[in-house]
Amino acid sequence: MRQARADEYAEFAAVRAGHLYRSACLLTAGDTHLAEDLVQETLGRLYVSWRRVSRVGNPAGYAQTVLMRTFLTHQRRRSSTERATDVLPDVPDDGRDMPLRLTLLEALARLPAKDRAVVVLRYWEDRSIEETAQVMNVSSAAVRTRCVRALGRLRELLGEDLGEYARP
């Protein structure tokens, strides 16, 4: 029985790890090392409680909630603001619109952690206000307020220059 549970967890982790990593990259505004750490901690927490989690109707949603809360906990630590460098590493061009991605990641990085979490949940994860509120453990009104504030701040940061990055 224990081996069956371990196999079930391993299969779940293999399927969901990529999605968790992409979400973590957005939350960390491109800090891939921190994103990997967040995913690793999330998967570790899930493993410890997999017996209970596997009986939940939506373990993938539970994993996203754990990831989000792990990120927010990390942001509350004083050491979370330490950075080794402010230069992004060289990233191979995969044919996508890199200037736009870098501009958006830079703008996301300048948002407070909770505002960034709301933007990622609402607009990247396409979650409802109620789902976002539940994941962040706040009220729906707080999510709405943060959405308005975060989008306003992003518009302010991106300004009129964003149009020059869009493809015709």
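Note that the coordinates shown come from a computational prediction; the quantities given were computed from them, not determined experimentally.
Between the side chain of Arg146 and the backbone N or O of Val118 there is no donor-acceptor pair closer than 3.5 Å. A distance-only check finds a donor-acceptor pair linking the side chain of Arg122 to the backbone of Arg127 [under 3.5 Å].
With rounding to the nearest 0.5 Å, the separation of CG in Leu104 from CG in Leu158 is 6.0 Å. Here Leu20 contributes atom CG and Thr42 contributes atom OG1; the two are 6.5 Å apart, rounded to the nearest 0.5 Å. Here the straight-line distance linking atom CG of Leu105 with atom CZ of Arg110 works out to 13.5 Å at 0.5 Å rounding. Going from atom CD of Glu106 over to atom CG of Leu111 covers 11.5 Å, rounded to the nearest 0.5 Å.
Within a 6.0 Å radius of CD in Glu125, more than 12 heavy atoms belonging to other residues, nucleotides or ligands are found. For Glu11, the CD atom counts as loosely surrounded, since its 6.0 Å shell holds 12 or fewer non-hydrogen atoms of other residues, nucleotides or ligands.
Considering all non-hydrogen atoms of both residues, Ala117 and Met68 come closest at CB-SD, 3.8 Å. In terms of heavy atoms, Val120 sits closest to Ser23 at CG1-O, 4.3 Å. The heavy-atom pair separating Thr28 from Ala35 by the smallest distance is OG1-CB, 3.9 Å. Of all non-hydrogen atoms in Ala13 and Leu43, the two that sit nearest each other are CB-CD2, 4.1 Å. What you find for Thr32 and Cys25 is that their closest heavy atoms are CG2-SG, 4.3 Å. Heavy-atom minimum distance, Leu26 versus Leu108: O-CD1, 4.0 Å.
Following chains of ILVMFWY side-chain contacts shorter than 4.5 Å, one can reach Tyr123 starting from Leu121, so the two form part of one hydrophobic cluster. Residues Trp124 and Leu27 share a hydrophobic cluster, clusters being chains of Ile/Leu/Val/Met/Phe/Trp/Tyr side chains in contact below 4.5 Å.
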Starting from the C-alpha separation in whole Å, work towards a yes-or-no answer on salt bridge (Lys or Arg N to Asp or Glu O under 4.0 Å) for Glu8 and Arg5.
CA-CA 5 Å; Glu8 181 184 5; Arg5 237 184 253 124; over 6 Å; no
Could you give me the CA-CA distance, side-chain angles and deciding distance for Tyr62 and Asn58, then say whether side chain to side chain contact (heavy atoms under 4.5 Å, CB included) is met?
CA-CA 6 Å; Tyr62 187 88; Asn58 184 6; over 6 Å; no
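The shortest distance between side-chain heavy atoms of Asp115 and Val119 does not fall below 4.5 Å. Looking at His74 and Glu41, their side chains never come closer than 4.5 Å, going by heavy atoms from C-beta outward. The shortest side-chain heavy-atom distance between Gln75 and Lys114 does not fall under the 4.5 Å cut-off. The shortest distance between side-chain heavy atoms of Asp7 and Gln3 falls below 4.5 Å. Using a 4.5 Å cut-off on side-chain heavy atoms (C-beta onward), Leu38 and Tyr21 make no contact.
Listed by first then second residue, pairs satisfying ring-ring contact (aromatic ring centres under 6.0 Å, His included) with a partner in residues 35-57 read Tyr9-Tyr47, Tyr9-Trp50, Phe12-Trp50, not counting sequence neighbours.
Arg76 and Thr73 are linked by a side-chain donor-acceptor pair at a separation below 3.5 angstrom, with hydrogens and angles left out of the test.
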Please output the side-chain donor-acceptor pairs of residues 131-141 that fall under 3.5 Å, not counting sequence neighbours, one pair per line with the distance.
| unit_1 | atom_1 | unit_2 | atom_2 | d |
| --- | --- | --- | --- | --- |
| Glu131 | OE1 | Ser128 | N | 3.0 |
| Thr132 | OG1 | Ser128 | O | 2.9 |
| Ser139 | OG | Ala142 | N | 3.1 |

